[in-house]
Each structure stands twice: as structure tokens, then as C-alpha cells.
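All values below come from the heavy atoms of this structure, side chains included, with hydrogens, waters and symmetry mates left out. All chains are named by letter (A, B, ...) in the order of the sequence lines, taking the proteins before the strands, and each is independently numbered beginning at 1.
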Amino acid sequence: MLRDARCPPNKYTFPFVLKACSVLQDLRAGRAIHRHAARAGLHADLFVCTALIDLYMKCARFVPAAAVFHAMPARDAVAWNAMLAGYALHGMYHHALECLLRMQEGCASLRPNASTLVALLPLLAQQSALCQGKSVHAYSVRASLHDKDGVLVGTALLDMYAKCGELLYARRVFEAMPIRNDVTWSAIIGGFVVCGRMTEAFGLFKDMLAQGLGFLSPTSVASALRACASLADLHIGKQLHVLLAKSGLHSDLTAGNSLLSMYAKAGLIDEATALFDEMAAKDTVSYSALVSGYVQNGMADAAFLVFRKMQACNVQPDVATMVSLIPACAHLAALQHGKCSHGSVIVRGMAPETSICNALMDMYAKCGRIDLSRQIFDVMPARDIVSWNTMIAGYGIHGLGKEATALFLDMNNHACEPDGVTFICLISACSHSGLVTEGKRWFHMMAHKYGITPRMEHYISMVDLLARGGFLDEAYQFIQSMPMKADVRVWGALLAACRVHKNIDLGKQVARMIQKLGPEGTGNFVLLSNMFSAAGRFDEAAEVRIIQKEKGFKKSPGCSWIEINGSLHAFIGGDRSHPRSPEIYQELDNILVDINKLGYQADTSFVLQDLEEEEKEKALLYHSEKLAIAFGVLTLSEDKTIFVTKNLRVCGDCHTVIKYMSLVRRRDIIVRDANRFHHFKNGQCSCGDFW
DNA sequence: ATAGGGTTAG
């Protein structure tokens, strides 16, 4: 069309065509039209220049945008706003602020108008710059700046207040607005959700519905669904699903993604999968939500399948996708997979991202490479609180309590304020290293020096610290002295320690408490029944299992795996499905003969069923972790460390046997269980039996 | 102007 010689494009044509390029983010076409306009002698036209700035800014080409801007003979407020909005769009706070100041300088001084503020306010919101936000508010009142009906400025203002945590002001602005639209409602509902005030968010959502369905948008439903996910309120979540379907919004991408994520977080992974399959359009967010859903539900292998499917469908993973996927490697302790993901992240240019580094650090720590973890920590461009916490936690699971403490002190030197999670990491690091006194001191300091009120999670860590360290009675008293009612997880920590220290009497007492509270979760059922078994009270043990079955808690079977040349070999107790099972079982029998000579005796108190002594020994001998290690002994050369992962905790007998194995087979063996790392070498374990 | 997926602890 531009080439029709009879009707050449003029200064009215170019801005519209450029606008189309901007919407499509078609930089190539935009550049061609830029050249075309220049040839037509329109390089200084106000409207053409403004449209060019808008186009370049949308495509994040700041240098050409600025060049056009500076070449303009005169600049009006629209041109200034295009620059400012462009910087704001890409979160460039300082550039945007500079624009704001410069436009008011000099003889051609221009006052900010409503569009200026609407572009500026989201930036202030993102920066939590409350003071500046307030002065913008004051200015808008003084200059009586209104866009049509004040909806745009009003919405941007209330959003800014909400994101700065000032819900009272947000609500006041909202109430004072004469006209509201769907965006206004979304902003106020979303504001309450972001601040964690879920009940009020639901209240506002209902208020909105009370005015009819005219304001209902996928955006406001998305916020409400996020509230459901964080409250684990499936009931309301399903109602919202129905509401979406009724209003014909169920095929909206944002709405679909929110639903998918809500179901996945509620543990309904099948529903999430079904929803995903039915979605007409899927984007990066849909795939990422499903990946993270599988990881959260412990199905790391399925997460990889989704990731592959995504690539096959040519959907590009972004930072959030990779941050969801990397924990799958951590979960599987699959170092080779993890290294692949690391490589992939480097290729994609995401390696400097803080959240990516955090995920990688965690992955390497959980895959046994605390050294690589630290390397990333040392070189990453910017650290946040999660980085410090992850590193401290990494040292913790490796039993490196001293290093964890040192890092915590270092954190103070870097002017990084510890948060509640930091102390959970720190205390549990002390617990894994048997540093009971030190852990108690940190708990004290947390409240008195750092002003952090202990939450239930801190009490769990403290009970674990005391009880694991053998101070069972003190742990019991500690629970009694809690300012809130201890929940099952607190008692569960004590019960686990009773099991390790074989204190049946206290264990029974704790078991009674847990029964009263409702065991909530498979782990406590297993602990409980194991306690009874260990005391030889098999009837009661069986009874617990029956209740467990009735309540529908499936016991996840003990499973161990080992990665050899990048592929995973998994074993469950007594499993003979592996092609090399005959050799593996023969090797274990040989090992048993060798270690019996050194004085090993099976600790049959760890066997759950009522069997004959000899059968009990066999049941123990073929525990999954022993099978995986034996496979490692057979396949790996002697200089290689055998690294095995187990989904549950290592049992006491296995712990003893593996110590002997490291001695008689002269192997370094690392076992990562549900709890921490055990490094076996020369008949010793790094955990010093604090496990 | 609003909004969907993501990293740490037990």
C-alpha cells in the first residue's frame, strides 16, 4: 500500500502503520517504515517521531528511541510520556524518573499530565516507593488531573498503595472513585491477595459479583484463585471454576492457567493434567505451571516429560520454567540431569538471574555437591535472602554446622537482614551437627536480638534439635512451655527422636498425643507402628496400620536410587526387578558374611513385621538403600564415590551396615535420605550418628 | 491501570 505511487503515504499514514508495528512488536517492519518516513522527509514530524519512540521502546530498543527523541526539533508532553512509559514498561526506574525531572526543566518546561502519572505509578508500586507515590497522589489532587472520570489515575493510585502494603489508603481511593471498571475491581482484589488478606479479598470479590457480572474478568478470578490456592480452599476454588464456565471465560488463557495452578497446588494433579489437556491454547505459563505442579506433587520424572513436550511443541521455556524444573533434579538427586539444566540455563542466558542461581545452588547441595553450590553463591551477581538461606540450609543437610554459622555471621556483614526462614535453616543445621547449645542460643537471639517472633516451624526445629541431640525430656518440657498449642509436626519431631534413641516410654506418651491430634500424614503412622513393632507389640502396630489404611493414608514405600552415567536405577525393598538382581543379592550376602566377622549383628528392632529372627535379618538385608549401594559397588570403579538417594529416612540397621560396607569394600558412600546427607568412609559416618 | 507459572525451612 505504501508503494502506490498515485497515492503516497503522508504524515497521517505513518503513525498508524507504526502503531501496528508496535502492537505486533515487529521491529523489522518498523525499521523499514522508519527509513521510508525519512525518505519522505517526515523525520522531524511530531506524530511520526512519537510513534517511532513508542515502537522502539516496546521492543526495548532504548538507543534508537532516544536518538529519535533527541533529534526532534520540539518535544510535547506526548513525546515525553512515550519515553517515560517506555522506560517504565521495562522497569527502568531511574531512567523513567530522570525523564520526569527533565521534562519539567528549562524554558520549554512541561507539566506531567494524567498519562505521565499512569505510566509512572506502576513503577513506584514495583519499587514500594510509598513516599514518592504519596507525592504523586498529592500532585494529582493539586493539579486536579483527571483522565476521563479519573478511572485510570484512580486505579493506578490504589494499585500503588496496595503494592506498598497500604491497604487502608488503597481502599480509601477505591471508595472515593465515582466510576470503577473491571480493572479497578481486579486491582483492589489483587491488592488484598498480595498482602495476604484473603478473607477480605473474597469479600470484595463478592461485592463485585453483587453488582452483576459486568465487572467479572479473568484477572479478578485469577487473584481469587490465588487466594484459594494459598488457603488450600478447594471448595471456593471449584465454585470459581463453575463461575468461569458459566460466564464463558473458561477458555481464557489467564483463567485456565490460574485454575491449573490452583488444582496442582491442592494436590489434585490429575485434574490439573486433564485441564491442561483440554486447554485450547497453551503458553509458557501453562507448561511451567504443570511442570511445577508435578514437582510439588513429588513426580519429578513426569515434570521432565512435560518439559520435553514443551520443547517439542516449540514453546520457549523462560526463567520461571527453569526455576520450576531445576528442583526436579534436586528431588531426584540426579546430578547429570542437574548439570544439563545448568548448561541449558547458561545457553539461554539466564545464568546470572538470582532465582536461577538459587535453584541451582539448592540442586547442587541436594545432589551432594556443596562445593559447586558455594561456587555459584560466590560468583552470582546479586544475592537475595533466599540465596543466603539456601546456602545455610545446604551446609545444614551436609552436617556442616560450623560453616552454616560462619555464613550466617557473614550475612550480617553484608547488611542482609535474616528472616524467619534463616533461623529455621540455622537451627536445623545445628541439629544435624549435634550443636545443641549453639542452636538454643540462636533461638534466643532470634527473638531478642532480631525481633523475630517464633512460629510453629521454629518450634519444630527446636524440638528436633533437642530431641535428636538426646535431650528428650527437655524437648518434652519445651513443648509444654510453648505459647501456642503444639501441632502434630512438633510431636512428630519428638516421636522420630524417641525412635532413634529407643525411648519407648516417652514414645508411647507422645504417640498418644499424636493419636489425639490425628496423625495427619503418613510419616507419623509409620513412626507409630514402628515404635510398637520395636517394642515387640505387633498387635498394636498392626492396629495403627489398619487405621492408617482406613483413613486412606498410603504408605509410600521406601525407595532408593542411584544415578549411573546419567540414568537412574531405582530399587524398593526386596525388589528383584532389576536385570542384575542375582548379582546384587549375591554381593549383599557376601558383604553380610564379611561384616559378621567384624562383629556386626542385625538390629532387628527395625523390622516391622512379626517374623522369625532369621527372616527378619533377610528383610533388613534387602532394604532398598542396601540394594542400590550393592549395585553401585558392582558397577562403579573403586575410586568413585557411591551416591545413593532414599525417599525416606535411612533405618538404624542400614546405617550400621553401610558403615561396615564402607570399611570392607573400601568405598566412599554418600546416602542422601529424606533428612540429610550421610557420608560413610572407613567405617565412620559424617553425621556422628546424629541422624 | 489489573492478572496467570518460579527459588529457601521442617
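Using a 4.0 Å heavy-atom distance criterion, A:Ser288 is classed as a base contact. Counting non-hydrogen atoms under 4.0 angstrom, A:Leu253 reaches a base of the nucleic acid. Heavy atoms of A:Ala320 sit under 4.0 angstrom from at least one base atom. Residue contacts for A:Gln296: at a heavy-atom cut-off of 4.0 Å it reaches the sugar-phosphate backbone alone, with no base atom in range. Residue-level contact check: A:Thr354 touches neither bases nor backbone, having no heavy atom under 4.0 Å from any strand. A:Val118 comes within 4.0 angstrom of the backbone, heavy atoms only, and of no base. Within the nucleic acid shown, A:Ser258 comes within 4.0 Å of sugar-phosphate atoms alone, with no base atom in reach, counting heavy atoms only. Nucleic acid contact class of A:Val319 (heavy atoms, under 4.0 Å, all strands): base. Base engagement by A:Thr321 is indicated by at least one non-hydrogen atom pair under 4.0 Å involving a base atom. Using a 4.0 Å heavy-atom criterion, one finds that A:Lys366 contacts the sugar-phosphate atoms exclusively. Base contact: A:Asn181 has a heavy atom under 4.0 Å from a base atom.
Remark: A:Lys440 NZ is loosely packed, at most 12 non-hydrogen atoms of other residues, nucleotides or ligands lying under 6.0 Å away.
Residues that satisfy the ring pair (Phe, Tyr, Trp, His ring centres under 6.0 Å) test with A:Tyr263, not counting sequence neighbours, are A:His241. For the ring pair (Phe, Tyr, Trp, His ring centres under 6.0 Å) test, no residue two or more places apart in sequence or in another chain qualifies with A:Phe471. Every residue two or more places apart in sequence or in another chain that forms a side-chain contact (heavy atoms from CB on, under 4.5 Å) with A:Arg172 is listed here: A:Leu168, A:Tyr169. The ring pair (Phe, Tyr, Trp, His ring centres under 6.0 Å) search around A:His137 returns A:Tyr161, not counting sequence neighbours. Under the rule for a ring pair (Phe, Tyr, Trp, His ring centres under 6.0 Å), the partners of A:His342 that lie at least two apart in sequence or sit in another chain are A:Tyr364.
Between A:Glu403 and A:Arg374 there is no salt bridge, since no side-chain N of the basic residue sits under 4.0 Å from a carboxylate O of the acidic one.
Of all nucleotides in DNA chain B having an atom under 4.0 Å from a heavy atom of chain A, the first and last in 5' to 3' order are B:dA1 to B:dG10.
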